[in-house]
Each structure stands twice: as structure tokens, then as C-alpha cells.
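The structure under discussion appears below in the form of C-alpha cells.
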Amino acid sequence: MERNALAQTLDCGQCFRWKREADGSFTGMAGGRWAHISEDNFADVVKDKFWAGYFDMGLDYVGIRLEFCRLDPLLEKAVAFAPDIRILNQEPWEAMCSFIISQCNNIGRIKGIISRLCTAYGEEAENGMHAFPLPEKLASLKDEDLLRLGCGFRAPYIIDAARRVSCGSVDFGVLKGMPLAEARKKLTCVRGVGPKVADCTLLYGMHRLEAFPMDVWMKRAMKTLFPGRTPEFFGRYAGIAQQYIYYYSRSNPQIFKEDALKA
DNA sequence: GACCAGGTATTGC
DNA sequence: GCAATACATGGT
């Protein structure tokens, strides 16, 4: 049951533009750059400043894991399942748009939609890949353009988000300096952005590590694994705890069924 | 063919 | 406030 460290981070549900190759390496895009990353070249890749930032190399994950393991035995279990998860520094607009698309959708289809969106509207980059489309680009589209790509009922949400970001009514630079609750409230002004997508934007796109997205899996996990606890229980890196718990829960759904049998 | 997928907006009590 | 429902789409 060995999962390589790279897969734990790139395949744990926080990002959608990496493709796992047959040999366990990954190819994908971030910040308009293409990369092929493997266990072997990872150390070299993160010598580059951009990738070091993307992979959050400046944060002491060893220490944070230690804290988590001391905090709660079930959290310790989740950490042990995929200890090498790191929270990536994704672009805020890409994170927001990606998680708008994620609602009521499955990971495979989310990746497919995003891939088509990039091919159709993103700037061309290396190896025939495309950057994530700029908000200005998507702001000029009609619902129909996005329906063609399979966006479904999320099409108008994406366009509203693109408009608000490109006109500056939602300004990630400003949100960065705001208290979490305030930034969250501002984000939910966008149609199609509720508390969950707002928290995903804050955690994955703005590196607000205290943000704690509550999707169906996390609700289940909180109820059965951490009854009576709130996100605050996990401290200022609650978002990282969330990622450990989310991935552990997704990968071991039987833990909920066993619980149901006992009841 | 019904049911589900990292939700949200709208409506009705 | 809180439960119910519609919202496109593709895969089991």
C-alpha cells in the first residue's frame, strides 16, 4: 500500500491539471508552466523558485504532522495514510473556477471539463498544453460556449465569476489582507460560490491554511470520526488537517459503512 | 433507467 | 433559520 509522495500531493483532490503517467510520474501545468515531475527529479524541480513555492517547500510539514498526531489518534491515522500531502500554492482564479466546476460533479469529469476549458480558451504553452484561461477571456463568453464543453448548470456561474474577477469587484490581492470570515463573505457574492467553494478558493488558491472546506465527505468524517469537534479544534493549519482527513475518507469509504453497521 | 458526483440558489414553511 | 428541489452531464 505504497503511494509515492508525489501522488499523495497531486492526486489527493486539491488540483485537477496533473496526469499520472504509467511509471508513477506526473505531467501537468501550473502557473502557465509545464512540468514532468517524478520522485527522482522532484528535488531538482523544486530548486526552481516557482515550483518551490507551488509545492510549499517553505513550510515545516514534519512539525505540523507531529502536532496533528499529538492532537488526536484518528487524525494520526489519517496522517499515516498519506503523510506526504502538501497544500499546493495554486492560482486563486484557477482554484475558484475549478471548485465552481467541482460542485455536484466527480473528479474525472472535473478534470475533463477543465482540460477542455484550457484547450479552448487558455494561452498556448509548452508541449501543446494550455495555461488556465484568464478571467478576462471567460468573461466574454456566453453560456452556450461553456455548455458545449460540458459545464452544465455551472456555465453561468463560471461566467459571473470571470466577470467579477476581471472587473476587479473580486480582487484576490485585497482579499489576501482580510480576515478569513470577511474574505469568505466577499467570495460568496459570486454566483455559484457558497461556503464550500469559498473555502476551497481560500485554502488552495490563497494559501489560507486555516480554511476548512466542508464537503459531503468532510461532513461524514466530522460526524463519525470527530464528533462534537469543529474546524477550530485542528488549529491554525486546519486546512491541512482537512486534506489529510478528506483523502483518507475518500480512499477508505468502508470506515463509514462499518460505523453504520454498529449503529 | 435510476442513482450518484468535493454544492448552490431559490422557494416555501 | 431550515428542509426540499432544480440545476446539466456523463458514468455506473
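Keep in mind that this is a model prediction, so the values were computed, not measured. Here is the naming used below: chain letters follow the sequence lines, and residue numbers restart at 1 for every chain.
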For Lys137(A), I'd like to know if atom NZ has over 12 heavy atoms of other residues, nucleotides or ligands within 6.0 Å. no
My understanding is that only residues two or more places apart in sequence, or in another chain, count here; which of them pass ring-ring contact (aromatic ring centres under 6.0 Å, His included) with Phe172(A)? none
Send over the distance from Arg154(A) CZ to dC7(C) C1', rounded to a whole Å. 9 Å
Examine Arg229(A) relative to Phe234(A) and say whether NZ or CZ is less than 6.0 Å from the centre of the six-membered ring and inside a 45° cone about the ring axis. no
Whole-Å distance, Asn105(A) CG to dC7(C) P, equals 17 Å
Taking for each residue the nucleotide of DNA chain B with the nearest heavy atom, is it Val193(A) or Cys200(A) whose nucleotide lies nearer the 5' end? Cys200(A)
The reported gap from CZ in Phe233(A) to CG in Leu75(A) (rounded to nearest 0.5 angstrom) is 7.5 Å
Whole angstroms only, please: what is the CD-C1' distance between Gln103(A) and dG10(C)? 16 Å
With heavy atoms under 4.0 Å as the rule, sort Gly192(A) into base, sugar-phosphate or nothing. sugar-phosphate
What's Ile100(A) touching, base or sugar-phosphate or nothing? Going by heavy atoms closer than 4.0 Å. nothing
Would you compute the distance between atom CZ of Arg164(A) and atom CD1 of Ile159(A) and round it to the nearest 0.5 angstrom? 13.5 Å
Tell me the interatomic distance from Ile113(A), atom CD1, to dA8(C), atom C1', rounded to whole angstroms. 9 Å
Leading and trailing nucleotides of DNA chain B with any atom under 4.0 Å from heavy atoms of chain A: dA5(B) to dT10(B)
Any cation-pi pair here, Arg191(A) with Tyr157(A), using under 6.0 Å and within 45°? no
What's the CG-C1' distance between Leu117(A) and dA8(C), to the nearest Å? 16 Å
In whole angstrom, give the distance that lies between atom NZ of Lys111(A) and atom P of dG11(C). 16 Å
So how far is it from Thr201(A) OG1 to Lys186(A) NZ, rounded to the nearest 0.5 Å? 14.0 Å
Mind checking Tyr247(A) for me? I need base, sugar-phosphate or nothing, with any heavy atom below 4.0 Å counting as a touch. nothing
What is the separation between atom CZ on Phe153(A) and atom C1' on dT5(C), rounded to the nearest whole Å? 13 Å
Roughly how many Å is it from CD1 in Ile101(A) to C1' in dG10(C), rounded to a whole number? 15 Å
